[in-house]
Structure formats: structure tokens, C-alpha cells
Amino acid sequence: METYKQNPDFLNIGRKLLDWYSVYGRDLPFRKTKNPYKIWICEVVFQQTRIAQGMSHYLNFIERFPDIKSLADASTDDVLLHWKGLGYYSRAMNIHKAAKQIVEEFNGEFPSEYRDILKLKGIGKYTAAAVSSICFGGDYPAIDGNFYRVISRLFADDYDISKSTAFQYFSEISMKIIPENRMGDFNQAMMDLGSEICKPKNPVCIICPVNEDCLAFSTGKTNLFPVKNKKTEVKDLSLTYYFVSFEDKFLIRRRGTDFIWKNLYEFPVSVPEAWEQYIAKHTNVKHKLTHRNLNIDIYTVNLPHQNLFEDFASEGDFIISSFEESQSKSFPKPLENYIKHSAVGEASFH
DNA sequence: AACTCGGGGGA
DNA sequence: TCCCCAGAGTT
């Protein structure tokens, strides 16, 4: 579809968006700074994450790790702890690695060139463009979900945004409507318009600053854009855990770097058959993720002797943890919830 | 180019 | 239920 090429005034659309942003832009904590470290962290926190959901994590993260060096010097557990419950945990590991990368390769100073920013672990085209444009005046459009939606509706463009070529496609279109030297503000204007006005469902077109220019609106077809053909399959996943405890301690172990919940902690996934007699309770936890329906069985194992507990721990390389100690580690959400509501957890509250 | 990685919220 | 959210890494 070539409709957008017939639009009479691309630049005027960009100016309207900037004017709207200067008045109605959201007042967010990271809007008051051009500190590339803070902009970087916020961009990664809010990848595939709503502002309301990630805000407390962002604030806590920045408070605990106020600069690149403090992050580079931190432990894996400490970094993951501040990412606890946020999901997509490789983001935290990548941020940690990138901080070390900046210390080693860029003398501890956040790189100012787009190409250098792009070299950092966990920073892709979108985040590099956002940091570059907001902090260093780089001329790169930050093409994200908001961007796809706004542009595809403006020009009623049915290009499939789930295709890997969509980034390049929408990048070229967007360059036609962006005023010179205002890329940072423009990128943030797109984010706010997409979040507040041009929402995925029920967009508030009546107060949109560019509704006169929007082909999807004028034809009453905003619900048809953007076009996204790829459908994600939801799979079932069953897990079994054993909450092995003795007095107020229980066993935990760090997960591997494969599959889900990379580097987070979990309970033992098996116990000796002879321990059948010590299984006291069975809890079934159902947990929904984006691409998975989780079905988790958790068996409570109360051991009668401390030596059984300690032998099993040392053989299986488990950590004997108290409730308090577990609070300094990052668990998958359903296991976190289980610990919180377990007898061990409740006992520790009193 | 397709697949994988969490969790929460809105409709 | 289904879809989406300030996407990136791996294969």
C-alpha cells in the first residue's frame, strides 16, 4: 500500500505531534533528565512492559544502582533481586553485562555514538535510537509498538508489523514526517500519543492532534490497524517442585541459563522415593504467562532429622535458606507467592 | 526469518 | 479469553 506517499504535508504532522507533546506529554521521572544511564535503564525496564507495571522497579533500580559503576560492581543476585517479578529476566543480566562493558570498553562513560551504543548487550535498534536521540541528539527514530500503531493508522498502511522487515519499512516512512533536530522529543511524543491517545483498543481519536491527517480515522478503520498476522501459540507446561523444609529452613537452588526464569532460584524438582512418607501437603498452582499456561505441583516435605536435610542439600548442591535470606534472592512469581504464603513465610512475619 | 523469553492489565 | 506493552538475543 502506497497511500502515505500521497499525503500532502508530512512535516506538518511531525510539528503537530511536537506541539501536542510540549503541552500534553506525560510527566514521568525519567523525562527530567538526559542522563544516558537513567534513560538506558528506563528504556530497558519498559521493553514490553507498561509504565504502571515497571515504574516501581525502575525507581528502586536507580536508587540501588545510581550510576554505571555501582551497577558494574554489583552481584548477579543483587541485580536480579531488583528485577524480581518484572519478567524477561535476561534483560537484567544484559544490563549488568553492559555496565561492565561500558567500564571496560568505554572507560566507564556511556558511549555517545549510535554505533557504539548498539554494541552494548541488551541494546537493540530501538533502545539505541531512544538513548541516542534523547541524550545525544542522534537522528534515529525509536521504532516500537507505539510507532508501528501510530504510523500504520495515520496512513492506513496494512504492512504486517510482525514481519522482521517492518522496522526498516516504518523507519523509512517515519523519516518523512520528523522535523529536523527534534528526534528525541519526537520519539517521546510518539510514545505518549500511542499510550494516551492512539491506544491499541478504543483510541481517543476525538482529541488526537493529528486526527485530521489520519486516514484510518477518516475512514473509520482504526480498529483494522496495525496489521499483525503472526499468532503466538499458547502451550501448557507442567512443573513439579518439592518444598523441602526442616524447622524454619528450606532448600533452594539457582536455575540454569536455559529455558525460562534464567538464573532465578527455585525449589528441588525431585526427592528420594523413600521420602514419600514425609510429604505432608500438595498444592497445585496455576499461573498464566504470555505464551504458556503453567501448572505447578508443589509438595511439602517436612523432614524429621536435620542430617537428612543437610545430606540432601550438599549432595544436590542446594542452598539451605531461611525466609529472610530468600527475600534477597529472585524467584519466579509463582514460587515467590508460594514462599510468601507458606508456613515458613508466615512464621517469619510474627 | 522464526522462535523464545514474564508478567500484568484492559476489554 | 485474547491481545498488547518504551524489544532483544539466538538459531
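Proteins get letters first, then strands, A, B, ... in listed order; numbering begins at 1 in each. Worth knowing before you read on, the calculation uses all heavy atoms, side chains too, and leaves out hydrogens, waters and symmetry mates.
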Taking atom CD of A/Q277 as the centre, does the number of heavy atoms from other residues, nucleotides or ligands within less than 6.0 Å exceed 12?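 Counting neighbours around CD of A/Q277, more than 12 heavy atoms of other residues, nucleotides or ligands fall under 6.0 Å, so yes.
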Could you tell me whether the side chain of A/N211 and the main chain of A/C205 form a donor-acceptor pair under 3.5 Å?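 Answer holds: yes.
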Under 3.5 Å donor-acceptor, A/T127 side chain and A/G124 backbone: no
Just the rounded figure in Å: distance from P of B/dG8 to NZ of A/K84. 13 Å
Using a strict heavy-atom distance below 4.0 Å, which residues from residues 29-37 of chain A are in contact with DNA chain C? A/F30, A/R31
Inspect the surroundings of CD in A/E113 and state if more than 12 heavy atoms from other residues, nucleotides or ligands are less than 6.0 Å away.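 Counting other residues, nucleotides and ligands, CD of A/E113 stays at 12 neighbours or fewer.
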Rounded distance in Å - CZ (A/F46) to C1' (C/dA6):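 Rounded to the whole Å, the gap is 8 Å.
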In whole angstrom, give the distance that lies between atom OH of A/Y126 and atom P of C/dG7.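 From A/Y126 OH to C/dG7 P: 6 Å.
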May I ask you to check whether A/Y338 and A/T300 show a side-chain donor-acceptor distance below 3.5 Å? yes
Neighbour count >12 (heavy atoms, 6.0 Å) for atom NZ, A/K262: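 Counting other residues, nucleotides and ligands, NZ of A/K262 exceeds 12 neighbours.
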Any chance the side chains of A/D192 and A/S195 put a donor and an acceptor closer than 3.5 Å?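 No.
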Under a 3.5 Å cutoff on both atom distances, Watson-Crick or G-U, what's the dot-bracket for DNA chain B ([ ] crossing, | other strand)? |||||.|||||
ILVMFWY cluster, A/I177 and A/Y159 together (side-chain gap under 4.5 Å):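 As far as the 4.5 Å side-chain criterion goes, A/Y159 and A/I177 are connected within one cluster.
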Take atom P in B/dG8 and the same atom in C/dA8, then report the distance between them in whole Å. 22 Å
Would you measure the distance from the C1' atom in C/dC4 across to the matching atom in B/dC5 and give it in whole Å? 16 Å
Just by modelled atom types, is the A/A72 backbone N or O under 3.5 Å from a matching donor or acceptor in the A/K100 side chain?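 Answer holds: yes.
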Give one of base, sugar-phosphate or nothing for A/L28, where a contact means two heavy atoms less than 4.0 Å apart. base
If you count heavy atoms of other groups shown closer than 6.0 angstrom to CG of A/N284, is the number above 12? yes
Distances for protein N/O vs nucleotides 9-11 of chain C N/O pairs under 3.5 angstrom?
| unit_1 | atom_1 | unit_2 | atom_2 | d |
| --- | --- | --- | --- | --- |
| C/dG9 | OP1 | A/G122 | N | 2.5 |
| C/dT10 | OP1 | A/K121 | NZ | 3.4 |
| C/dT10 | OP2 | A/K121 | NZ | 3.4 |

Partner of A/F243 by ring-ring contact (aromatic ring centres under 6.0 Å, His included), out of A/F318, A/F250, A/Y299: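 It is A/F250, the one option of A/F318, A/F250, A/Y299 that forms the ring-ring contact (aromatic ring centres under 6.0 Å, His included) with A/F243.
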Which residues, if any, of residues 185-209 of chain A bring a heavy atom under 4.0 Å of DNA chain C?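 Within this stretch, A/M191, A/P200 sit under 4.0 Å of the strand.
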Let me check something: do A/Y241 and A/L264 share a hydrophobic cluster, defined by ILVMFWY side-chain heavy atoms less than 4.5 Å apart, either directly or through other members? yes
Nucleic acid footprint by protein, nucleotides 2-7 of chain B - heavy-atom cut-off 4.0 Å, B for base, S for sugar-phosphate alone: ---BBB
Measure CD1/A/I117 against C1'/C/dG7 and give the value in whole Å, please. 16 Å
Would you call the rings of A/F61 and A/W83 parallel, tilted or perpendicular, taking 30° and 60° as the class edges? perpendicular
Whole-Å gap separating C1' (C/dA8) and CG (A/D144): 14 Å
Give a yes or no answer on whether the side chain of A/N107 reaches the backbone of A/E109 with a donor-acceptor pair at less than 3.5 Å. no
To the nearest angstrom, the CD1-P distance between A/I143 and C/dA8 comes to 11 Å
Return the value, rounded to whole Å, for the distance between atom CE of A/M93 and atom C1' of C/dA8. 15 Å
With sequence neighbours excluded, tell me which residues meet side chain to side chain donor-acceptor pair (under 3.5 Å) with A/D116. A/K119
Check whether more than 12 heavy atoms from other residues, nucleotides or ligands sit under 6.0 Å from atom CD of A/E325, and answer yes or no.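 Yes, enclosed.
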Please give the distance between the P atoms of B/dG10 and C/dA6 as a whole number of Å. 13 Å
Going from CZ on A/R292 to OG on A/S238, what distance comes out if it is rounded to the nearest 0.5 angstrom? 11.5 Å
Between P on C/dG7 and CD1 on A/I161, what's the gap in Å once rounded to a whole number? 11 Å
